[in-house]
Protein chains: 2
Amino acid sequence: MKYTEFENCGLKKSLDMISGKWNPLILYHLFHQGNYRFNELWQTIPKVSKKVLTKHLRQLEENGLIQRKEIQGFPPRTSYNLSNKGKKLGPILKDLDNFGNS
Amino acid sequence: MKYTEFENCGLKKSLDMISGKWNPLILYHLFHQGNYRFNELWQTIPKVSKKVLTKHLRQLEENGLIQRKEIQGFPPRTSYNLSNKGKKLGPILKDLDNFGNS
DNA sequence: AAACTAGATTACCAAAAAGTAACCTTCTTG
DNA sequence: CAAGAAGGTTACTTTTTGGTAATCTAGTTT
């Protein structure tokens with residue numbers, strides 16, 4: 001495998017999707033409690049800044065792992081939950097967790 | 001899961017082990033060709049600097065994923081290969097690769 | 001009409017990760 | 001005795017990532 005091939009191999013793509021500082025924790029919460037509004041998530045993850053949380057969520061959304069929905073009403077709310085693709089990560093994250101604990 | 005728990009959960013540990021910029025590629029090569037000497041690896045991965053390659057290798061070694069051996073003779077050589085623990089990552093990396101390609 | 005709300009965005013700053021080029025060591029070879 | 005070889009280390013710079021605090025929007029409540 002050459003460098004150029006590596007840059008867009010599946011492994012690299014997957015790791016880029018999940019390895020931002022807060023992504024594993026965001027995914028963890030979405031796996032364990034279906035869906036979150038923005039501020040809920042922000043309060044649940046105490047140390048992340050809004051800016052970075054937004055950035056992580058946008059990126060997860062772009063990569064198709066989560067879905068963002070705007071909820072009608074005022075003030076405007078958003079809801080985030082795992083997509084079908086995102087849910088497929090479940091067993092892999094579990095394997096990684098087991099590996100890290102072994 | 002709270003932030004403090006997250007900091008030393010298995011998932012975080014695993015991701016920290018493998019998500020350095022060059023780690024996936026280093027592991028890939030070790031999986032596909034048993035062992036490498038330092039300069040072999042450096043030439044195989046054309047853009048990494050010696051400094052960073054060394055750092056990655058040291059870290060993989062500390063985490064028990066690879067083994068470093070000094071080979072007697074002159075000039076002194078080193079050889080790197082996967083440990084048993086490292087080999088256990090194989091299926092997980094394969095899953096991540098499939099996921100990223102899907 | 002002022003204050004409040006959720007979900008951000010902006011400008012600016014700090015820290016972490018990676019890159020570059022030169023150098024070191026210890027023997028061996030020409 | 002100068003040059004070369006393998007496997008690094010060092011000092012310094014750049015890039016990437018994340019953090020802080022202030023601000024915005026537009027409808028709602030007091």
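Predicted, not measured: the structure shown is a model, and the values here were computed from it.
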Open item on the list: Among residues at least two apart in sequence or on other chains, which ones pass side-chain hydrogen bond (donor to acceptor under 3.5 Å, both in side chains) with Y28(A)?
Closed with: none
Open item on the list: Q59(B): which residues meet the side chain to side chain contact (heavy atoms under 4.5 Å, CB included) condition with it, sequence neighbours left out?
Closed with: N23(B), N63(B)
Task: DNA chain C-proximal residues of residues 26-41 of chain A, any heavy atom under 4.0 Å - done: R37(A), F38(A), N39(A)
Open item on the list: Expressed as a whole number of angstroms, how long is the span from Y80(A):OH to dG7(C):C1'?
Closed with: 8 Å
Task: N35(B): side-chain hydrogen bond (donor to acceptor under 3.5 Å, both in side chains) partners, not counting sequence neighbours - done: S79(B)
Task: Atom pair CG (L57(B)) and CD1 (I26(B)), whose distance is rounded to the nearest 0.5 Å - done: 5.0 Å
- [ ] Could you label the plane-to-plane angle of the H29(A) and Y36(A) rings as parallel, tilted or perpendicular, counting under 30° as parallel and over 60° as perpendicular?
- [x] perpendicular
Open item on the list: Tell me every residue that passes side-chain hydrogen bond (donor to acceptor under 3.5 Å, both in side chains) with K13(A), counting only those two or more places apart in sequence or in another chain.
Closed with: none
Open item on the list: Going by side-chain hydrogen bond (donor to acceptor under 3.5 Å, both in side chains), name the residues that satisfy it together with D16(A), two or more places apart in sequence or in a different chain.
Closed with: K12(A)
Task: Positional range of nucleotides in DNA chain D within the contact set of chain A, heavy-atom, under 4.0 Å - done: dG18(D) to dT28(D)
Task: Residue whose closest nucleotide on DNA chain D lies nearer the 5' end, G20(A) versus P76(A) - done: G20(A)
Open item on the list: Using a strict heavy-atom distance below 4.0 Å, which residues from residues 54-73 of chain A are in contact with DNA chain C?
Closed with: T54(A), R58(A), R68(A)
TODO: Quick one: which residue pairs count as a salt bridge (Lys or Arg N to Asp or Glu O under 4.0 Å) with a foot in residues 68-80 of chain B, not counting sequence neighbours?
DONE: R68(B)-E70(B)
Task: Reported CG-to-CD distance for the pair L41(B) and Q43(B), which is rounded to 0.5 angstrom - done: 10.0 Å
- [ ] List in chain and number order the residues that pass ring-ring contact (aromatic ring centres under 6.0 Å, His included) with Y80(A), two or more places apart in sequence or in another chain; answer none if no residue qualifies.
- [x] none
TODO: Might you point out which heavy atoms bring M17(B) and F99(A) nearest each other, and give the distance in Å?
DONE: SD-CE2, 4.0 Å
Identify each atom pair where a protein N or O and an N or O of nucleotides 19-22 of chain C are less than 3.5 Å apart, giving names and distance.
from    : atom 1 : to     : atom 2 : distance (Å)
dG19(C) : OP1    : K21(B) : NZ     : 3.2
dG19(C) : OP2    : W22(B) : NE1    : 3.2
dG19(C) : N7     : K51(B) : NZ     : 3.4
dG19(C) : O6     : K51(B) : NZ     : 2.3

TODO: Quick one: list whatever passes side chain to side chain contact (heavy atoms under 4.5 Å, CB included) with T54(A), sequence neighbours left out.
DONE: F38(A), R58(A)
TODO: Have a look at L82(B) and tell me which of L65(B), I66(B), L60(B) forms a side chain to side chain contact (heavy atoms under 4.5 Å, CB included) with it.
DONE: I66(B)
